[in-house]
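Everything on this sheet refers to the single structure shown next.
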Amino acid sequence: MQASKEDKIYTVMANIPPGKVASYGQVAAMAGLLNNARLVGRLLKLMPKDSSIPWHRVINSQGKISFPEGTAQYQKQYQLLQSEGVIFKNGRVNMRQFQWD
DNA sequence: AGATTGACATGCA
DNA sequence: GTGCATGCCAATC
């Protein structure tokens, strides 16, 4: 049982309610890993396919999707977020909804 | 074992 | 607002 940073990260991300988004740093901070934003992103990249983690609710501190536009991933995440009620403003998400508690 | 990279963040110019 | 530099941690080469 690893029970480590990634475990907390998974838990935090899984706790993100629909219609809200969180930045890597935000998730990391909540997981108790303040400077480990990279850990979050690294995990998402190597995410188990059967992990019920809403990776699309995780974005960068700029309030934007971490993928370059034109990529399927970007459009997919964009679509998912919009479908959940997330408002994209000029390619950026309203960071006000960061607080979901 | 050492060096490099990565779905990042923050600070300063 | 943009661009460069530094930090942090684990996986990969």
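Note that the coordinates shown come from a computational prediction; the quantities given were computed from them, not determined experimentally. Letters go in sequence order (proteins before strands), and every chain restarts at 1. Side chains are part of it too, since the values below use all heavy atoms of this structure and drop only hydrogens, waters and symmetry mates.
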**OP:** Return the residues of residues 63-79 of chain A meeting this criterion: a heavy atom under 4.0 Å from some atom of DNA chain B. Order them by number, or give none.
**Re:** Ser66(A), Phe67(A), Gln77(A)
Original post:
Which whole-number value in Å describes the distance from Arg38(A) CZ to dT10(B) C1'?
Top reply: 12 Å
Original post:
Of all heavy-atom pairs between Lys20(A) and Ile16(A), which one has the smallest distance, and what is that distance?
Top reply: O-CG2, 3.9 Å
Original post:
Rounded to the nearest Å, what distance is computed from the CG atom of residue Leu34(A) to the P atom of nucleotide dT10(B)?
Top reply: 8 Å
**OP:** May I have all residue pairs that pass ring-ring contact (aromatic ring centres under 6.0 Å, His included) and include part of residues 51-90 of chain A, sequence neighbours excluded?
**Re:** Tyr78(A)-Phe88(A)
Subject >> Chi angles and distances behind the side chain to side chain contact (heavy atoms under 4.5 Å, CB included) call for Val21(A), Val58(A) >> reply: CA-CA 6 Å; Val21(A) 284; Val58(A) 188; over 6 Å; no
**OP:** Taking Asn60(A) for its side chain and Gln62(A) for its backbone only, find out whether a donor-acceptor pair lies under 3.5 Å.
**Re:** yes
**OP:** Please test Met47(A) against Ile53(A) for side chain to side chain contact (heavy atoms under 4.5 Å, CB included), starting from the C-alpha separation and ending with a verdict.
**Re:** CA-CA 8 Å; Met47(A) 269 264 226; Ile53(A) 306 297; 3.1 Å; yes
Subject >> Leu80(A) CG to Gln75(A) CD distance, which is reported to the nearest 0.5 Å >> reply: 12.0 Å
**OP:** Record whether the side chain of Tyr24(A) comes under 3.5 Å of the base of dA7(B) through a donor-acceptor pair of N or O atoms.
**Re:** yes
**OP:** Map Leu39(A) and Ser61(A) onto DNA chain B by nearest heavy atom, then report which one ends up closer to the 5' terminus.
**Re:** Leu39(A)
Subject >> Short side-chain to backbone donor-acceptor contact, Thr11(A) and Asp7(A), under 3.5 Å >> reply: yes
Subject >> salt bridge (Lys or Arg N to Asp or Glu O under 4.0 Å) contacts touching residues 74-90 of chain A (sequence neighbours left out) >> reply: Arg57(A)-Glu84(A)
Subject >> Non-hydrogen atoms of Pro54(A) and Ser52(A) that approach each other most closely >> reply: CD-O, 3.5 Å
Subject >> Whole angstrom value for the distance that separates C1' of dA7(B) from CE of Met13(A) >> reply: 10 Å
**OP:** With DNA chain C as reference, determine whether Arg92(A) or Ala37(A) sits nearer its 5' end, using the nearest nucleotide of each.
**Re:** Arg92(A)
Subject >> For chain A, the stretch of DNA chain C it reaches, first to last nucleotide, under 4.0 Å of its heavy atoms >> reply: dG7(C) to dA11(C)
Original post:
Stems in DNA chain B: runs of 3 or more consecutive Watson-Crick or G-U pairs, distances under 3.5 Å?
Top reply: B:2-6 with C:9-13, B:8-13 with C:2-7
Original post:
Where each residue is assigned the nucleotide of DNA chain C containing its nearest heavy atom, which of Lys45(A) and Asn35(A) is assigned the position nearer the 5′ end?
Top reply: Asn35(A)
Original post:
Ile59(A) versus Gln77(A): any side-chain heavy-atom pair under 4.5 Å?
Top reply: yes
Original post:
Can you tell me how far P of dT5(B) sits from CG of Leu44(A), to the nearest Å?
Top reply: 22 Å
Original post:
Please give, in whole Å, the distance from dA9(B) P to Arg42(A) CZ?
Top reply: 16 Å
Enumerate donor-acceptor pairs with a distance under 3.5 Å from any side-chain N or O in residues 24-43 of chain A to protein atoms, sequence neighbours excluded.
from, atom 1, to, atom 2, distance (Å)
Tyr24(A), OH, Ser66(A), OG, 2.6

